[in-house]
Amino acid sequence: MIARRIWRNHRFLRPFSSSSVCAPPFRVPEYHSQSFASPISRPFHAPSPTLMKWSGGGVSRNWYSNEAMSIDSNARGGFIDVPLAQTGEGIAECELLKWFVKEGDHVEEFQPLCEVQSDKATIEITSRFKGKVALISHAPGDIIKVGETLVKLAVEDAQEALQVSSDTPGTVEPSVFKPKLDSLAGALSTPAVRNLAKDLGIDINLVIGSGKDGRVLKEDVLRFSCQKGSVVDSVSSDNVVSTIVEDQIVPLRGFNRAMVKTMTMATKVPHFHFVEEINCDALVKLKHCFKENNADSTVKHTFLPTLIKSLSMALTKYPFVNGCFNEEALEIILKGSHNIGVAMATEHGLVVPNIKNVQLLSLLEITKELSRLQHLATNNKLSPEDVTGGTITLSNIGAIGGKFGSPLLNLPEVAIIALGRIEKVPKFKEDGSVYPASAMMVNIAADHRVLDGATVARFCCQWKEYIEKPELLMLQMR
């Protein structure tokens, strides 16, 4: 009987030919130990896709898959599944932000296909193959696991494309390729329409399509929604006004999801807080002087670059504050570079890019780099390099409001500083007379496993001296 089953299913043991399934070089299928299960029910382990990084010019980062699975088709050539590549160390999933292509579009090699966001950065996924978009498997807002199919491309010679890609060296990630079955069947529609149906809580497979070949259009989804009484559709406007007053479930994505992980870890660390008031009269005068003598209209002078530079000067005298704690080895790594992070609140969530090697930069260079990072953060274009490698963090809550805050550590860093707003307060001279002064409250949170209170206090006093007497910076600057 075993011999008869092998003869009946001999197609699994024949080498692939031009008329068979287009796939990478043949390997005998690996079955589990279900000896009496039918060949159809036995799990088939296909070679996992090879994932490779490709970096384009400029600050943008592009990734592509240089090997993919393909399936046979009636048309000349075949289909190639393009999976989500490994976009960074420790990244297991990404959120799909938007598509640059649609079904039916022709794509060239290295042409951007879509944009995804991981816990660390926003990345463009590019095509490794030249062909036509046959099927888009996900809609914007979906969470996609590494290795899952993003898009299916129809190519003229799939065997040749796969052979060329297999000759390109890459890093193989051992995993079983599992195509998304629900994307290969069901209602025909564009990702935008699927996303609309998802937002309205509608199963798109229940909507009757009025488009070509039964394709579900936007109007079909809105009509179906109106029939359910969940929305009111205006004929003269494309806006959908929701009348639902029930609770909403908002899934956390991107940077918000990353904040959950980092803050949960931070709550397990014993924090020591040190609060101090700093006189900023000299800082205000210095900023006013910079603005009056600014010959470059693209440069906007603020208080923050001077605070960052003076912080770096204080770190030079207290290197333990610029360290990272290795809990497993019970050791602290004293960082040679002052990579000072600045917390930025954006519409995409809280993100902390850092300025690299502040100890080597001038005030003007810090100002320009800070402006670059703020622009990228606002447009959700920060690269992984911009948000990794920080050694200490500044949280400028004073730009929004509030006298001071109690920040949580950005592990594995051992210190973070919250800056309050600069405001006029009454001060007393030695003779008892009152005068107005510009004051700012700062709150330093430190990892009490590594830094004691005396060290933090001395460090803060040194930083305070540089801020209140910025001319002292001239003695230490290189």
Side-chain angles (χ1 to χ4, degrees), residues 255-256 258-280 283-284 287 302-315 318 320-325 338-346 349-355 358 366 370 373-374 377 387 390-425 437-468:
F255 299 133
N256 289 327
M259 184 172 65
V260 172
K261 299 177 183 178
T262 56
M263 292 299 98
T264 301
M265 291 189 297
T267 56
K268 301 177 182 179
V269 176
H271 284 57
F272 170 79
H273 289 272
F274 183 84
V275 181
E276 178 62 288
E277 183 181 73
I278 300 177
N279 189 310
C280 297
L283 185 63
V284 172
K287 174 193 170 184
T302 63
F303 298 116
L304 202 51
T306 305
L307 294 173
I308 292 173
K309 186 61 180 181
S310 59
L311 176 64
S312 175
M313 302 302 295
L315 291 174
Y318 295 90
F320 275 80
V321 183
N322 192 56
C324 292
F325 182 52
H338 297 172
N339 300 339
I340 299 179
V342 180
M344 299 180 183
T346 71
L350 177 66
V351 63
V352 188
N354 60 82
I355 302 175
V358 173
I366 295 173
L370 181 61
L373 293 175
Q374 289 173 333
V387 296
T391 58
I392 190 171
T393 298
L394 284 177
S395 178
N396 187 19
I397 62 169
I400 302 175
K403 292 185 176 181
F404 69 92
S406 298
L408 294 177
L409 289 171
N410 186 20
L411 298 176
E413 300 170 12
V414 297
I416 182 174
I417 304 173
L419 306 174
R421 67 172 180 264
I422 298 177
E423 59 181 357
K424 286 288 185 179
V425 296
S438 298
M440 174 182 65
M441 301 291 292
V442 298
N443 187 340
I444 302 178
D447 187 341
H448 212 351
R449 300 172 302 176
V450 178
L451 299 176
D452 57 77
T455 300
V456 176
R458 294 190 185 99
F459 161 75
C460 185
C461 289
Q462 182 64 68
W463 183 38
K464 175 182 178 180
E465 185 178 18
Y466 284 140
I467 296 174
E468 294 182 342

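The first residue of the sequence shown is numbered 1, and numbering continues consecutively from there.
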In Å and rounded to the nearest 0.5 Å, what is the OG1 to CG distance from T262 to L411? 8.0 Å

Counting only heavy atoms from other residues, nucleotides and ligands, does the tally under 6.0 Å from NZ of K403 exceed 12? no

Test side-chain contact (heavy atoms from CB on, under 4.5 Å) applied to Q374 and M344, step by step: CA-CA 8 Å; Q374 289 173 333; M344 299 180 183; 3.4 Å; yes

Those residues at least two apart in sequence (or on a different chain) that pass side-chain hydrogen bond (donor to acceptor under 3.5 Å, both in side chains) with N410 are none

Only counting residues at least two apart or in another chain, list the ones meeting side chain to side chain contact (heavy atoms under 4.5 Å, CB included) with A437. N279, D281, K427, Y435

Would I422 and F303 satisfy side-chain contact (heavy atoms from CB on, under 4.5 Å), going step by step from the backbone distance to the final call? CA-CA 10 Å; I422 298 177; F303 298 116; 3.8 Å; yes

CD1 (I417) and CD (E276) are apart, to the nearest 0.5 Å, by 12.0 Å

With a 4.5 Å cut-off on side-chain heavy atoms, are L409 and V414 touching? no

Hey, could you give me the CZ/CG distance between F459 and L311, rounded to the nearest 0.5 Å? 4.5 Å

Would a distance-only check, ignoring hydrogens and angles, find a side-chain to backbone donor-acceptor pair under 3.5 Å from H338 to L315? no

Keeping the roles fixed (side chain from H271, backbone from V269), state whether a donor-acceptor pair exists under 3.5 Å. yes

Run the side-chain hydrogen bond (donor to acceptor under 3.5 Å, both in side chains) test against E423 and tell me which residues pass, sequence neighbours left out. R421

Applying salt bridge (Lys or Arg N to Asp or Glu O under 4.0 Å), can you list everything that pairs with R458, at least two apart in sequence or on another chain? none

Give me each pair satisfying salt bridge (charged side-chain N to carboxylate O under 4.0 Å, His left out) with a member in residues 259-274, each pair once, sequence neighbours excluded. D119-K261

Rounded to the nearest 0.5 Å, what's the gap from CG on L419 to CG on L307? Could you check? 6.0 Å

Whether the E413 and T391 side chains hold a donor-acceptor pair (N or O, under 3.5 Å, no angle test) is what I'd like checked. no

Nearest 0.5 Å, what's the CE-CD distance between M313 and E465? 11.5 Å

Any chance you could measure C460, atom SG, to Y318, atom OH, to the nearest 0.5 Å? 10.5 Å

Counting N and O atoms only, with roles assigned by atom type, does the side chain of T455 sit under 3.5 Å from a partner on the main chain of L451, one being a donor and the other an acceptor? no

Results of ring pair (Phe, Tyr, Trp, His ring centres under 6.0 Å) for F404 - residues two or more places apart only: none

